[in-house]
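A short write-up of the structure that comes next.
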Amino acid sequence: MDRVRGTHAWIALLAASCGAPAAPAAPPTAEPAPCSDVDPSVALYAIDRGEDGVHLRRVREGARPSRAGGARDGQVILATDDNDDGIVDYELYLGDADDDGHLQIDCGSVGCVRGAYTSCDPGLWAETEPAEYEDLAPFDVEDVWHEATEAADDPEPPEPPQLEAIRVWPPTPEPRLFLGDLYVGAGATLAMGSGLLARGEDGWRSVGGQHRMLDGVWAAGPDDVIAVGQEAEIRRWDGAAWQHVYGLPDNWLRDVWGSGPDDVYGVGMGGLVVHWDGAAWAVQTTPADRMLNAIDGFGPELVFAVGNSGRALRWDGSAWTQVETGSEHGFNAMTRAGDALIAVGTSGAAIHYQRGAWTEHRTGFAGELGAVWADGEDTAVAVGENGAIARWDGTSWRPQSARTSSDLLAVWGQSPDSIWAVGQGGTILHWDGASWRPEAEALSCDHITAVAGDADGIVYATEARGGVLRRDASGWSVDRAGGVEELESVWAAAPDDVWAVGERGTIAHFDGTRWTWRRPRPCHGLHAVFGLGPRDVYAVGDEGTVMRWDGRAWRVELTPTTHDLRGVFAFDDEHVYAVGEAGVILRRVRGAWHVEDAGTDWAHSLYGVWGSSPQDVFAVGHYGRIRHFDGVSWSVESTEGMELAAVWGSGPSDVWATSPRGQIWHFDGSTWTQGTLGVDAFFPGLWGTAPDDVYAAGSAGRVLHFDGRAWTPMTTAATRILRGVHGVDGVLFAVGADGEAIRSAQLPGE
């Protein structure tokens, strides 16, 4: 599913003649049908969402409906290949997704069907790369619709419903990308994980698409790079394209190393060793049956692999044998150190291979060591859990103090007196020859998983959630923004001054042209944002976090609670309210936050707050609880146990609150009345401008509009859940999962 939800979503455009609506077909079979009835009139397309917009690209022609099919005349099909079996399941309802995550298209007056599409090329769905695309045009839902229906030679193709609404505005280039390793050398700079990135003169670009997690990389040169990972994932770059290797055991490969382009080894789970001889990959027989985590060597006739035991495997050019190292510990990483090999692992253990023998050394730590770097035989640094750092001086290991308790995940150095160690919570440490000091303290909230540098003095570090950091002579900066943070709330001062907040302390700003990302400390998740103007914006989140934008910087404000805060609303600087877990209600008065005396209803968390005036404030939340402030005291009301996610109103006698399963409550000044949005889905985003202009945003990218009479759907290009919605000057913004952000060209009635 991640393949479809990432950079590319597959589409099939079916060209035929329109007919009566078909009944839903049975679920697709597990076995692909024979490929004897390929339909050459079926064209396969992909949506490519890049930094320059959304494009429709033709992949190739020729496919066939499956036996479970029912693909019909002139329909546009968004397809997903959930289990990579070549059978592509689809649902037709434009812009939506069902509970199973299938993308959907509305087939309008021609009816809706379910079914599957089968590729006759086993590698088509998973392995088609951008280089194979023929770029047609910027993508527009209406264009795709008419291309499909006009191709059916229908003289009057049906009009798509409500295409005037919302377009995708992606704030990040590549959602759902997780990075775990980094390679700099041999003319290549690569970051890898669930995707594979390469850095060129124009910045980072995806060269591998979405795939299984990659854990190791090795390169013989810029045109010969091999990356390995989970489920025997092997990708090989030949200078023109990435090739996938099939047919190997479905084991996890943890590391890769080669003595040359025709002698490359991958090692992994269950003692698996695979070998490339320049012509083919093959499994080699080994005496190991446990995980192998690292491999390195001195040439084609002297290679070692270590893993979850105290033994090592040795390759002598003809066979693998098991050798004793003198240790009983497992080993996680290994590196070449001049004429020696050094491996580190559990219980602070380190083993050295030199002059034909293994020797165990103690590093002074009892915890796990997960990474090691060496500069010749006399300098090595190992790092691990709880801030462990040990340095080898050619004779012994000595612990070093880094004044951190964060787990350190990777280490790399330019020289013995310039070394970087990175790890949890954005930790970046630098050794300057005398001591370890923190660097880029406020640059990242993410786990930093790898660090490496080039011959020009540029250092790179990867964030687990898809970001890449860069250090040059001016210091650290974000070289590539990650794209997986969930955005939960949005507020706009103007169409070119929009703030969105989300998980891990993410704050995103839209300036009318592009989104930029900030992660100020602390790194707590942020759940709501609201402002009084461009220089007075508040964001609230986990552990009582409140942050305020003053036009120059985001600054943390002290609060008297550690409960997570879920909603914020302001009338002026003397009446700013924040609500959250355990029914807590905070108010900001004269620059300081105080807990409101709101009674003893602490069992019910509050998720949203809104008011028509400081004497008329509503807070909604758990089990349908509604708290109301009349300027003197807070009272408690209830809506029969339904969860209330958001609240908004146009005045004291027109207040709305959303709840699960498409239910909505309305307050007319005296009574709360239950209604329905007409869609059985969750709508945590709510905002409007007037009694006849209200918007609800929620599951599967849905946005509904209330015109004073009924709720009707607006067409969006979003597919993830939208959690926040807000508008200004006739422009609507909504944000949600995987950093997805959308905006309207114009609101209804404008």
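Note: hydrogens, waters and symmetry copies are ignored here, and every other heavy atom, side chains too, is used.
- In terms of heavy atoms, L369 sits closest to A382 at CD1-CB, 4.2 Å.
- Scanning all heavy atoms of the two residues, the minimum distance from A371 to L409 falls at CB-O, 3.7 Å.
- Although no hydrogens or angles enter the test, the distance criterion places no donor-acceptor pair under 3.5 Å between the side chain of D456 and the main chain of I458.
- A salt bridge does not link D316 with R314: every distance from a Lys NZ or Arg NE/NH1/NH2 to an Asp or Glu carboxylate oxygen is 4.0 Å or more.
- The backbone N or O of D446 lies less than 3.5 Å from a partner atom in the side chain of S444, making a donor-acceptor pair.
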Inset, instruction - Walk me through it: do V303 and W320 pass the test side chain to side chain contact (heavy atoms under 4.5 Å, CB included)? - result: CA-CA 9 Å; V303 185; W320 287 96; 4.0 Å; yes
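- Minimum heavy-atom separation, P416 to D375: CD-OD2, 2.9 Å.
- Side-chain contact between D339 and E377 is present, with heavy atoms from C-beta onward closer than 4.5 Å.
- Taking CG of L179 as the start and CG of L197 as the end, the distance is 5.5 Å to the nearest 0.5 Å.
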Inset, instruction - Before giving the answer on side chain to side chain contact (heavy atoms under 4.5 Å, CB included), spell out for H275 and W315 the whole-Å C-alpha distance, their side-chain angles and the decisive distance to 0.1 Å. - result: CA-CA 12 Å; H275 180 249; W315 173 258; over 6 Å; no
Inset, instruction - May I have the step-by-step check of side chain to side chain contact (heavy atoms under 4.5 Å, CB included) for V274 and V283, ending in yes or no? - result: CA-CA 4 Å; V274 295; V283 177; 4.2 Å; yes
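- Remark: E301 pairs with no residue by the side-chain contact (heavy atoms from CB on, under 4.5 Å) rule, at least two apart or across chains.
- Taking H361 as the reference, H352, W392 meet the ring-ring contact (aromatic ring centres under 6.0 Å, His included) condition, with sequence neighbours excluded.
- Under the 4.5 Å side-chain criterion, counting only non-hydrogen atoms from C-beta, L214 is not in contact with D181.
- Summarising the geometry of T363 relative to A350, their closest heavy-atom pair is CG2-CB, 3.8 Å, with the distance given to 0.1 Å.
- Take N332 and apply the side chain to side chain donor-acceptor pair (under 3.5 Å) test, not counting sequence neighbours, and it matches E368.
- Residues W281 and V264 form a side-chain contact, since some pair of their non-hydrogen atoms from C-beta on lies under 4.5 Å apart.
- Evaluation of the side-chain contact (heavy atoms from CB on, under 4.5 Å) rule for M291 yields W252, R254, M269, N293, N308 as partners, not counting sequence neighbours.
- Sorted by first then second residue, the ring-ring contact (aromatic ring centres under 6.0 Å, His included) pairs that include residues 286-310, not counting sequence neighbours, are F304-Y353, F304-W358.
- R311 pairs by the side-chain contact (heavy atoms from CB on, under 4.5 Å) definition with S309, Q322, E324, not counting sequence neighbours.
- The CD atom of E233 sits 13.5 Å away from atom CG of N251, with the distance rounded to the nearest 0.5 Å.
- Under the 3.5 Å distance criterion, the side-chain polar atoms of R480 are left unmatched by any main-chain donor or acceptor of T462.
- Closest non-hydrogen pair, I448 versus A461, comes out as CG2-CB, 3.7 Å.
- Atoms CZ and CH2, on R471 and W420 in that order, are 4.5 Å from each other to the nearest 0.5 Å.
- The shortest non-hydrogen separation linking I342 to A337 is CD1-CB, 3.9 Å.
- For the atom pair D479 CG and Y460 OH, the distance stands at 6.0 Å (nearest 0.5 Å).
- Using a 4.5 Å heavy-atom threshold, the side chains of M334 and D255 count as separate.
- Taking the side chain as every heavy atom from C-beta outward, L469 and I428 approach each other to under 4.5 Å.
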Inset, instruction - Could you give me the CA-CA distance, side-chain angles and deciding distance for M192 and R235, then say whether side chain to side chain contact (heavy atoms under 4.5 Å, CB included) is met? - result: CA-CA 11 Å; M192 72 212 66; R235 297 253 172 166; over 6 Å; no
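- Here M213 contributes atom CE and F178 contributes atom CZ; the two are 8.0 Å apart, rounded to the nearest 0.5 Å.
- No side-chain heavy atom of W373 sits under 4.5 Å from any side-chain heavy atom of T335.
- A side-chain donor-acceptor contact under 3.5 Å links R336 to the backbone of G338.
- To the nearest 0.5 Å, atom CH2 of residue W397 and atom CD1 of residue I389 are 12.0 Å apart.
- With T346 contributing its side chain and G330 its backbone, the two residues share a donor-acceptor pair below 3.5 Å.
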